[in-house]
Amino acid sequence: MSSEPSLPGGRIALVDVNNFYVSCERVFDPALEGRPVVVLSNNDGCVVARSEEAKQLGIATGTPWFKVAPEAGRWGLVARSSNYELYGDLSARVMEVLGRFGSWQEVYSIDECFLGLPGDERQLLGTAARIRSAVMRHVGVPVCVGVAGTKTLAKFVNHIAKRNPHMQGVCSLDSMPAAEVARIQSRVPVTGLWGVGGRTAKRLNAMGIETVADLKAADPQLIRKRFSVVLQRTVLELNGTACIPHSEERADKQQIMFSRSFSTPVTTAEEMDQVMAVYAQRGAARMAAQGLNASVLTVTAGTSRFAGGEKSFPSASARLPVPTQDPIQLTRAAVATMRTCISEGTQYVRAGVLFTGLEPADGQQTLDPFVSDLDQRHIGDLLGSVRAKFGEAAIGLGQGGLAVPAAWSMKRDFSSPRYTTEWSDLPVVRA
DNA sequence: TCTGGGGTCCTAGGACCC
DNA sequence: TCTGGGGTCCTAGGACCC
């Protein structure tokens with residue numbers, strides 16, 4: 001991966017999949033085409049993705065499902081539980097196709113990436129159109145492509161491509177008349193930019209900076225002084241100076257988290273022990289997959305932010321005696337640490353385990369002196385291979401090994417099959 | 001009745017050392 | 001005994017993203 005943000009004359013494309021989760025569902029269920037569709041968060045809690053038709057109905061991201069469910073029948077609205085096995089797999093396929101077009105590629109999220117596009121400016125629109133049709137042909141999901149000289153501008157013109165159907169999903173800044181660009185920038189509020197959220201916008205507005213054009217004209221030094229180097233970069237990038245570096249392939253993660261809300265509140269310490277056993281093992285499996293050991297563990301719990309009654313968000317940290325990814329030690333530490341900070345009878349609706357102080361495991365396991373070496377050395381590998389063969393729920397330690405889901409475990413009422421990652425879920429085609 | 005789950009980066013402030 | 005300032009490391013919290 002190149003460390004140069006852009007070669008002279010080179011351009012950056014921001015490619016993202018339209019309504020990614022919904023588009024994934026449609027690949028395997030074409031009957032969803034043209035219908036309003038939403039994908040729900042864990043526990044079928046709230047709307048995290050919407051088709052165009054669902055947006056037309058006025059359903060906002062983050063709307064709790066129970067608020068729209070009563071209207072679903074009347075609207076012909078289809079809901080799906082989130083199916084991350086499917087989305088993750090299709091994402092990898094999309095990224096592989098996109099990677100063929102760039103001199104470099106930076107995968108930014110599950111559904112978008114930046115690509116380096118060298119070459120003649122006059123050919124950029126053609127390249128963008130070819131990218132679009134390649135992804136549609138090979139994976140079957142629609143994308144939009146924005147091309148400009150900096151990442152911030154590429155994001156911005158991608159937005160323009162999305163909003164203007166006549167552009168057919170592609171927009172290149174070089175192909176737009178300067179007056180047209182200025183006109184659009186003077187109408188779009190600053191929150192339309194990558195990196196500018198509600199809080200920052202409020203403070204900018206107080207200074208009289210309301211639109212993208214206003215921010216572009218602002219003094220970078222002043223912005224740095226009043227805000228941060230991050231916002232200063234936004235100003236520079238709006239003016240064509242590429243200054244957001246590539247984040248290289250992120251092998252060096254800073255933290256690993258496993259956090260979930262419950263389908264039913266947890267009120268006793270015994271139940272919370274079970275939760276910690278399951279969550280710590282899930283986190284440990286992630287660390288094993290990435291070859292990392294943790295030296296600090298933090299547990300968190302929380303009551304509902306919406307229900308009346310007492311609110312509390314306890315959390316506690318513990319330094320591990322030695323950095324480890326061992327599920328036994330991590331489970332024991334998580335259970336004990338959580339016991340120190342929760343109170344019996346409180347209605348907790350969520351909990352999490354966070355691992356930090358990560359370092360490469362280097363193949364050598366650190367062993368707990370109170371458990372036989374032989375058992376420990378093999379237990380992580382053993383759990384991993386059993387899960388790979390028989391599925392995630394096949395085996396676990398202690399309460400984590402319960403075959404019957406606990407009362408608090410996740411709800412996924414409208415899940416689609418894992419078409420591409422589970423043999424038993426392969427779609428059947430009849431001719 | 002029912003409201004997500006990950007992450008990143010930056011900054012400020014305290015502890016500690018020289 | 002009193003006083004100074006710079007540097008580093010760590011953590012908590014804020015803001016943002018998808």
Answer whether the closest heavy-atom distance between the side chains of A:Q329 and A:L320 falls below 4.5 Å.
no

Kindly assign one of parallel, tilted or perpendicular to the pair A:F262 and A:Y279, based on the angle between their ring planes and the thresholds 30° and 60°.
tilted

Atom C1', compared across C:dG4 and B:dC17: separation rounded to whole Å
14 Å

Within residues 186-212 of chain A, which residues have any heavy atom lying less than 4.0 Å from an atom of DNA chain C?
A:L193, A:W194, A:G195, A:V196, A:G197, A:G198, A:R199, A:T200

Base, sugar-phosphate or nothing for A:R224? Non-hydrogen atoms, less than 4.0 Å.
nothing

Nucleotide range of DNA chain C lying under 4.0 Å from chain A heavy atoms
C:dT11 to C:dC18

I need the residues from residues 53-90 of chain A with at least one non-hydrogen atom less than 4.0 Å from DNA chain C; give them sorted by number, or say none.
none

Looking at A:E25 and A:R35, is any side-chain nitrogen of the basic one under 4.0 Å from a carboxylate oxygen of the acidic one?
no

Parallel, tilted or perpendicular, judged at 30° and 60°: which one describes the rings of A:Y419 and A:F28?
parallel

What contact category does A:R305 fall into here, base, sugar-phosphate, or nothing, at under 4.0 angstrom with non-hydrogen atoms?
nothing

Is A:R305 close enough and on-axis enough to A:F313, meaning under 6.0 Å and within 45°, for cation-pi?
yes

Enumerate the residue pairs fulfilling salt bridge (Lys or Arg N to Asp or Glu O under 4.0 Å) with a member in residues 87-104 of chain A, sequence neighbours excluded, ordered by first and then second residue.
A:D89-A:R93, A:E96-A:R100

Student check: side-chain heavy atoms of A:W194 and A:T234 closer than 4.5 Å:
no

Name the nucleic acid region contacted by A:R319, choosing base, sugar-phosphate or nothing; use a 4.0 angstrom heavy-atom cut-off, strictly under.
sugar-phosphate

Sugar-phosphate only, base, or nothing, as touched by A:F258 at under 4.0 Å among non-hydrogen atoms:
sugar-phosphate

Pairwise 5' ranking along DNA chain B for A:C46 and A:R286, keeping only the more 5' one:
A:C46

Take A:C113 and A:M95 through the test side-chain contact (heavy atoms from CB on, under 4.5 Å) and record every step on the way to the result.
CA-CA 8 Å; A:C113 75; A:M95 295 307 164; 3.9 Å; yes

Answer yes or no: is there an ion pair linking A:K411 with A:D44, defined by an N-O contact shorter than 4.0 Å?
no

Indicate, with yes or no, if the rings of A:Y348 and A:W408 have centres closer together than 6.0 Å.
no

Taking for A:F227 and for A:S304 the nucleotide of DNA chain B with the nearest heavy atom, the one nearer the 5' end belongs to A:S304

With a non-hydrogen cut-off below 4.0 angstrom, is A:Q254 in contact with a base, only sugar-phosphate, or nothing?
sugar-phosphate

Determine, step by step, whether A:Q347 and A:S304 satisfy the side-chain contact (heavy atoms from CB on, under 4.5 Å) criterion, reporting the C-alpha distance in whole Å, the side-chain angles of both residues, the deciding distance to 0.1 Å, and the verdict.
CA-CA 8 Å; A:Q347 304 247 331; A:S304 170; over 6 Å; no

Check this for me, if you would: do A:E85 and A:R412 make a salt bridge, where the nitrogen-to-carboxylate-oxygen distance has to be below 4.0 angstrom?
yes

Answer with yes or no after comparing the ring centroid distance for A:Y84 and A:Y21 against a 6.0 Å cut-off, counting only values under it.
yes

Just to be sure I understand: a Watson-Crick pair is purine N1 to pyrimidine N3 plus N6-O4 or O6-N4, both under 3.5 Å. Using that and G-U wobbles, which stems of three or more pairs involve DNA chain C?
B:5-18 with C:5-18

Within the 4.0 Å heavy-atom criterion, would you say A:D111 contacts the bases, only the backbone, or no part of the nucleic acid?
sugar-phosphate

Sorted by chain and number, sequence neighbours left out, ring-ring contact (aromatic ring centres under 6.0 Å, His included) with A:F101 holds for none

